[in-house]
Undergrad: 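Here you go, one structure.
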Amino acid sequence: KPFNPSIAKIRVKNHIKLKLKSDALEELSMCDALTHIPNRRYFEEKYDIKYKESLRENISLSVMMIDIDYFKQYNDNYGHGRGDDVLTKVALTLKNTLKRPSDMIARYGGEEFVAILKDVNQEGAKKVAAQMIEAIKNLKIPHKYSQISEYITISIGISYRNRDEDKSKNDMLLEADKALYEAKESG
């Protein structure tokens, strides 16, 4: 068949439209529908990349597991609609607390979030965690069913890998989760 420029042009346009739709669907699959921050799937992909970058660039890496305290009691007493509002406000606040483009926050599941900080020392990671805790307290979202505060609060567990330390990415997640558990237990 002879080359028809009109048909070729239509095919290119259709290909571009299909590619744009595919890209939009891919982006949606990586975003948490409720909180509009990255979801766990996106986190797992980016965490793998950031972990490898930290090894290659010989820089430190911190992982933070973040949990809303007594969230089940909040949902049970205030309702899931208000619980969803809290999740959205907390997610946005955590996202806005991170200042560097290389840092990221994602919804890990339920009322749990995870953050990654590259090239920050241990004190810097603790400072960011303290800023997150303070930012959530400053929202002053009433929570009369909490056993530790009259407002919504969060607990954070931090895992830190120094640039010359040999710690796997799975070990870092487990360590952050354990530190979160210990933070919750200690109030």
Undergrad: Please identify each residue that fulfils side-chain contact (heavy atoms from CB on, under 4.5 Å) with K144, with sequence neighbours left out.
TA: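 side-chain contact (heavy atoms from CB on, under 4.5 Å) list for K144, sorted by chain: Y78.
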
Undergrad: Can you pull out every side-chain hydrogen bond (donor to acceptor under 3.5 Å, both in side chains) where at least one residue sits in residues 126-142? Sequence neighbours excluded, please.
TA: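 Qualifying pairs: none.
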
Undergrad: Looking only at atom types and distance, does a side-chain atom of E165 sit under 3.5 Å from a main-chain N or O of N162, one as donor and one as acceptor?
TA: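 Between the backbone of N162 and the side chain of E165 there is a qualifying donor-acceptor contact (under 3.5 Å).
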
Undergrad: Looking at D164, I want to see if its CG is surrounded by more than 12 non-hydrogen atoms of other residues, nucleotides or ligands under 6.0 Å.
TA: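 Count over threshold, so yes.
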
Undergrad: For F113, does the six-membered ring have the charged nitrogen or CZ of R40 within the cation-pi criterion, i.e. under 6.0 angstrom from the centroid and within 45° of the normal?
TA: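 Geometry flag: not set, cation outside 6.0 Å or 45°.
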
Undergrad: Not counting sequence neighbours, which residues clear ring-ring contact (aromatic ring centres under 6.0 Å, His included) with F43? List them please.
TA: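 ring-ring contact (aromatic ring centres under 6.0 Å, His included) list for F43, sorted by chain: Y47, Y108.
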
Undergrad: Which heavy atom in T153 sits nearest to a heavy atom in S149, and how many Å separate them?
TA: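 That closest heavy-atom pairing would be CG2-CB, 3.7 Å.
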
Undergrad: side-chain contact (heavy atoms from CB on, under 4.5 Å) with Q73: which residues, sequence neighbours excluded?
TA: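 Y70, N77, H143, Y145.
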
Undergrad: Would you say that more than 12 heavy atoms from the other residues, nucleotides or ligands in this model lie under 6.0 Å from the NZ of K118, or not?
TA: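 For K118, atom NZ is crowded (more than 12 foreign heavy atoms under 6.0 Å).
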
Undergrad: So if you build clusters from Ile, Leu, Val, Met, Phe, Trp, Tyr with side-chain heavy-atom gaps below 4.5 Å, do V63 and L55 land together?
TA: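 In one cluster with V63: L55, yes.
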
Undergrad: If I take atom CZ from residue R163 and atom CD1 from residue I59, how far apart are they, to the nearest 0.5 angstrom?
TA: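 It comes to 10.0 Å.
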
Undergrad: Side-chain contact, heavy-atom cut-off 4.5 Å: I152 with I136?
TA: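 The answer is yes; the side chains approach within 4.5 Å.
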
Undergrad: Can you tell if the side chain of D67 reaches within under 4.5 Å of the side chain of I154, non-hydrogen atoms only?
TA: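 No, side chains not in contact.
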
Undergrad: Looking at I158 and A129, what are the two nearest heavy atoms and their distance?
TA: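 The answer is CD1-CB, 3.8 Å.
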
Undergrad: Please examine the side chains of M132 and T93, heavy atoms only from C-beta on, and report whether any two atoms are closer than 4.5 Å.
TA: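 Contact flag for T93/M132 side chains = no.
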
Undergrad: Provide the closest heavy-atom pair for A176 versus M65 in the form atom of the first, atom of the second, distance.
TA: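 In terms of heavy atoms, the two residues are closest at CB-CG, 3.4 Å.
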
Undergrad: Show me the pairs that pass ring pair (Phe, Tyr, Trp, His ring centres under 6.0 Å) and involve residues 163-185, at least two apart or across chains.
TA: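 Applying ring pair (Phe, Tyr, Trp, His ring centres under 6.0 Å) to every pair that reaches into residues 163-185, excluding sequence neighbours, yields nothing.
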
Undergrad: Less than 4.0 Å between a side-chain N and a carboxylate O, is that true for D76 and K72?
TA: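 Salt bridge: yes.
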
Undergrad: In terms of heavy-atom contacts, does NZ of K178 have more than 12 from other residues, nucleotides or ligands at under 6.0 Å?
TA: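 It does not: K178 NZ has 12 such atoms or fewer within range.
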
Undergrad: Between S159 and M172, what is the shortest heavy-atom contact and its length?
TA: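 Of all heavy-atom pairs spanning S159 and M172, the closest is CB-O, 3.1 Å.
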
Undergrad: Applying salt bridge (Lys or Arg N to Asp or Glu O under 4.0 Å), name anything that partners D69, two or more places apart in sequence or on another chain.
TA: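 Here the qualifying residues are K184.
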
Undergrad: Under the rule for side-chain contact (heavy atoms from CB on, under 4.5 Å), what residues qualify as partners of D84, not counting sequence neighbours?
TA: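 For D84 the side-chain contact (heavy atoms from CB on, under 4.5 Å) partners, ignoring immediate neighbours, are L34, L87.
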
Undergrad: Among all residues two or more places apart in sequence or in another chain, which pass the side chain to side chain donor-acceptor pair (under 3.5 Å) test with T35?
TA: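 With sequence neighbours excluded, T35 shows a side chain to side chain donor-acceptor pair (under 3.5 Å) to D32, given in chain and number order.
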
Undergrad: Report yes if the side chains of D171 and K167 come closer than 4.5 Å at any heavy-atom pair, otherwise no.
TA: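 Yes - at least one pair of side-chain heavy atoms lies under 4.5 Å apart.
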
Undergrad: Test your reading of the model: is there a side-chain donor-acceptor pair from R107 to the backbone of G110, 3.5 Å cut-off?
TA: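 Yes, because the side chain of R107 sits within donor-acceptor range (under 3.5 Å) of the backbone of G110.
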
Undergrad: Indicate whether any N or O donor in one side chain lies under 3.5 Å from an N or O acceptor in the other, for R161 and S60.
TA: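 Distance-only check fails for R161 and S60.
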
Undergrad: Determine the minimum heavy-atom distance between G124 and N121, stating which atoms define it.
TA: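 Shortest heavy-atom separation between G124 and N121 comes out as N-OD1, 2.6 Å.
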
Undergrad: Can you list, by chain and residue number, the hydrophobic cluster partners of Y160 when the side-chain cut-off is 4.5 Å?
TA: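 Listed partners: none, Y160 stands alone.
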
Undergrad: Keeping to residues at least two apart or across chains, list the ring pair (Phe, Tyr, Trp, His ring centres under 6.0 Å) pairs with something in residues 119-138.
TA: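 Qualifying pairs, neighbours excluded: none.
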
Undergrad: By side-chain contact (heavy atoms from CB on, under 4.5 Å), which residues pair with A130, not counting sequence neighbours?
TA: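 Checked A130 against side-chain contact (heavy atoms from CB on, under 4.5 Å); zero matches.
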
Undergrad: May I ask you to test the H36-L92 pair for a side-chain heavy-atom distance under 4.5 Å?
TA: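 Result no, sub-4.5 Å side-chain heavy-atom pair not found.
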
Undergrad: Have a look at D103 and tell me which of L117, T97, I116 forms a side chain to side chain contact (heavy atoms under 4.5 Å, CB included) with it.
TA: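 Considering L117, T97, I116, a side chain to side chain contact (heavy atoms under 4.5 Å, CB included) with D103 is found only for L117.
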
Undergrad: For E111, give me all partners under salt bridge (Lys or Arg N to Asp or Glu O under 4.0 Å), at least two apart in sequence or on another chain.
TA: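 Result, salt bridge (Lys or Arg N to Asp or Glu O under 4.0 Å) vs E111: none returned.
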
